[in-house]
Amino acid sequence: MDYKSSLIQDGNPMENLEKQLICPICLEMFTKPVVILPCQHNLCRKCANDIFQAANPYWTSRSGSVSMSGGRFRCPSCRHEVIMDRHGVYGLQRNLLVENIIDIYKQECSSRPLQKGSHPMCKEHEDEKINIYCLTCEVPTCSMCKVFGAHKACEVAPLQSVFQGQKTELSNRISMLVAGNDRMQTIITQLEDSCRVTKDNSHQVKEELSQKFDVLYAILDEKKSELLQRITREQEEKLSFLEGLIQQYREQLDKSTKLVETAIQSLDEPGGAIFLLSAKQLIRSIVEASKGCQLGKTEQGFENMDYFTLNLEHIADTLRAIDFGTDEEEEEFIEEEEDQEEEEATEGKEEAHQ
C-alpha cells in the first residue's frame with residue numbers, strides 16, 4: 001500500500017489517509033489486529049475470519065474439536081484466491097506497519113480541532129441546517145420543519161442515530177453480498193469443472209464405443225452412427241444447460257459487483273443527510289440482489305455418461321438388436337435367445353422321430 005504517493009496527490013492528506021485505512025469488508029477503519037493477505041491487501045482479522053467461515057462452513061476455530069487441514073476464500077479487493085493452512089486466518093501475518101499508522105492517525109485526529117464542513121441546508125428554511133430525520137416520511141429535514149412545517153405531526157429522530165443505524169445496515173448487507181459473490185464464484189468454478197468432466201467422459205465413452213464397434217463394423221455401421229448421435233445429443237444438452245447456468249451466475253456476479261462498488265462509494269460520503277438520501281434505495285437494491293443469488297444447480301452425478309457404455313460380448317446374429325441398457329437386460333435377452341434355440345432343437349428332434 002503506497003501511502004506516501006496517495007497523500008501527495010490529495011490536498012487533504014489526513015482525509016486521504018483515512019480512506020487508505022478503511023477495511024473493504026466492514027467499511028470502517030481497520031480494527032487491530034490487521035492481517036495482510038498474500039495479494040498484499042489488508043483486512044481486519046475479524047472480517048477476514050467472517051469471510052473465511054462463510055466460504056468454509058465446516059472449518060472451526062483453533063479451539064474447536066472439528067477442523068480441516070485448511071481452507072480458502074477470495075480477497076474482497078482483487079478476487080485473488082487465498083489458500084489457508086490449518087490455522088485459518090490466525091496463520092496470516094499481521095501488518096504491524098498499518099497498525100502503527102492507525103495509532104498515529106488516531107493520535108493526530110484527537111489533537112486536531114474539529115473543522116466545520118459543508119452541511120446541507122433545508123429548502124423550506126434556508127437558514128436552517130438539516131439536523132433531524134423524519135421517520136414517518138423517511139427523509140432528512142430540519143428542526144423548523146418539525147416545529148412549524150410539513151413534518152409537524154411526524155415522528156422524528158436525531159440525524160446521527162439514523163445515520164449510524166442505516167450505515168451499519170448497509171455495511172452488513174455489503175458483507176453478505178461479498179460472501180454471496182464468493183459462493184457464486186465457487187459455483188462457477190465447479191460448473192466449469194463439470195463442463196470439462198462432461199466433455200472428457202463423453203470423449204471416453206465415444207472412444208470405447210468406437211473400439212467395440214470396429215470389431216464387427218461391417219454389420220454395426222448403421223447402429224454405430226445412431227448410438228453416437230444419441231451420445232452427442234446428450235452431451236450437447238448437458239453442456240448447453242451447464243453453460244446457461246455459468247452465464248446466469250456470471251451476470252448475477254457482475255450486477256452484484258457493480259452494486260457493491262456503488263454502495264462503497266456511498267459509504268465514503270461524510271455527510272449524513274446526503275448519505276441518507278440514497279441509502280434506503282441502496283439497501284433495498286442489495287436485499288433484492290441477495291434474493292436473486294438463488295440460481296439453479298446441477299444434481300450430483302449430472303456429468304456422468306456411464307449409462308452409454310456397452311458390453312459387446314455377443315454373437316454376430318444378436319448384434320442387430322442391441323441397444324444401450326443395463327447388464328440385467330442383456331442377460332435376460334441372452335436367456336431368451338438360449339430358450340428359443342432349445343425350443344427349436346426340441347422341435348427338430350420331434351420332427352425327426354415322426
Side-chain angles (χ1 to χ4, degrees), residues 51-59 68-75 79-84 177-215 217 220-257 289-314 319 322-333:
I51 293 182
F52 179 69
Q53 292 289 348
N56 303 271
Y58 298 107
W59 193 95
M68 300 193 303
S69 60
R72 60 185 66 193
F73 70 94
R74 293 187 180 273
C75 172
R79 313 305 301 162
H80 175 79
E81 187 174 56
V82 181
I83 300 176
M84 314 296 294
L177 200 57
V178 169
N181 289 349
D182 285 340
R183 288 191 291 271
M184 282 192 289
Q185 184 61 53
T186 301
I187 292 173
I188 289 174
T189 301
Q190 293 173 349
L191 291 174
E192 290 173 341
D193 290 340
S194 294
C195 283
R196 178 184 55 79
V197 173
T198 300
K199 291 178 181 179
D200 292 343
N201 288 345
S202 298
H203 178 73
Q204 180 180 354
V205 295
K206 283 183 179 181
E207 288 296 322
E208 292 176 356
L209 184 65
S210 297
Q211 291 173 2
K212 293 177 181 180
F213 271 94
D214 286 341
V215 177
Y217 190 83
L220 294 177
D221 182 67
E222 180 178 356
K223 197 70 175 179
K224 174 184 176 181
S225 177
E226 174 190 348
L227 297 180
L228 286 174
Q229 289 177 1
R230 287 174 57 184
I231 293 176
T232 301
R233 285 197 299 270
E234 183 72 5
Q235 174 189 345
E236 291 174 350
E237 291 176 1
K238 288 191 174 185
L239 291 177
S240 176
F241 178 75
L242 290 170
E243 290 167 356
L245 282 181
I246 291 174
Q247 183 63 28
Q248 292 177 24
Y249 277 100
R250 281 179 175 162
E251 291 175 357
Q252 184 65 31
L253 180 60
D254 288 342
K255 292 179 182 179
S256 298
T257 302
S290 299
K291 293 179 181 177
C293 293
Q294 301 175 354
L295 302 176
K297 298 179 181 178
T298 59
E299 297 180 356
Q300 184 177 4
F302 176 82
E303 63 273 13
N304 189 3
M305 304 286 284
D306 291 342
Y307 46 85
F308 283 116
T309 56
L310 286 176
N311 183 4
L312 297 179
E313 297 178 358
H314 307 295
L319 290 176
I322 65 172
D323 195 356
F324 291 119
T326 62
D327 294 338
E328 293 179 358
E329 292 174 346
E330 294 173 355
E331 291 176 359
E332 291 177 359
F333 181 79

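Since the structure is predicted, the reported quantities are computational estimates derived from the model, not experimental observations. All residue numbers in this chain count up from 1 along the given sequence.
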Subject >> Test side chain to side chain donor-acceptor pair (under 3.5 Å) applied to Glu251 - qualifying residues, sequence neighbours left out >> reply: Gln247
Original post:
Does NE2 in His203 sit with more than 12 non-hydrogen atoms of other residues, nucleotides or ligands closer than 6.0 Å?
Top reply: no
Original post:
Is the NZ atom of Lys206 crowded by more than 12 outside heavy atoms at less than 6.0 Å?
Top reply: yes
Subject >> Exceeds 12 heavy-atom contacts within 6.0 angstrom, atom CD of Gln300 >> reply: no
**OP:** Please name the pair of heavy atoms, one in Asn181 and one in Ser256, separated by the smallest distance, quoted to 0.1 Å.
**Re:** OD1-CB, 3.2 Å
N/O donor to acceptor pairs below 3.5 angstrom from side-chain atoms of residues 188-198, sequence neighbours left out:
unit_1 : atom_1 : unit_2 : atom_2 : d
Thr189 : OG1    : Gln185 : O      : 3.0
Glu192 : OE2    : Arg250 : NH2    : 2.7
Ser194 : OG     : Gln190 : O      : 3.0
Thr198 : OG1    : Ser194 : O      : 2.7

Subject >> Results of side-chain contact (heavy atoms from CB on, under 4.5 Å) for Phe302 - residues two or more places apart only >> reply: Lys238, Phe241, Leu242, Thr298
Original post:
Nearest 0.5 Å, what's the CD-CD distance between Glu226 and Gln229?
Top reply: 8.0 Å
**OP:** Check the pair Met84 / Phe73 against side-chain contact (heavy atoms from CB on, under 4.5 Å), numbers first and verdict last.
**Re:** CA-CA 8 Å; Met84 314 296 294; Phe73 70 94; 3.7 Å; yes
**OP:** Flag the pair Phe308 / Gln235 as yes when at least one side-chain heavy-atom distance between them is below 4.5 Å, and no otherwise.
**Re:** no
Subject >> CD1 on Ile187 to NZ on Lys297, rounded to 0.5 Å >> reply: 4.5 Å
Original post:
Out of curiosity, Leu228 CG to Ser202 OG, how far, rounded to the nearest 0.5 Å?
Top reply: 11.5 Å
**OP:** Grab the two heavy atoms, one from Cys75 and one from Val82, that are nearest each other, plus how far apart they are.
**Re:** N-CG2, 4.4 Å
Original post:
Which atoms form the tightest heavy-atom contact between Arg74 and Asp182, and what is the distance?
Top reply: CB-OD1, 3.5 Å
Subject >> Validation row: Thr186, Arg183 side chains within 4.5 angstrom (heavy atoms) >> reply: no
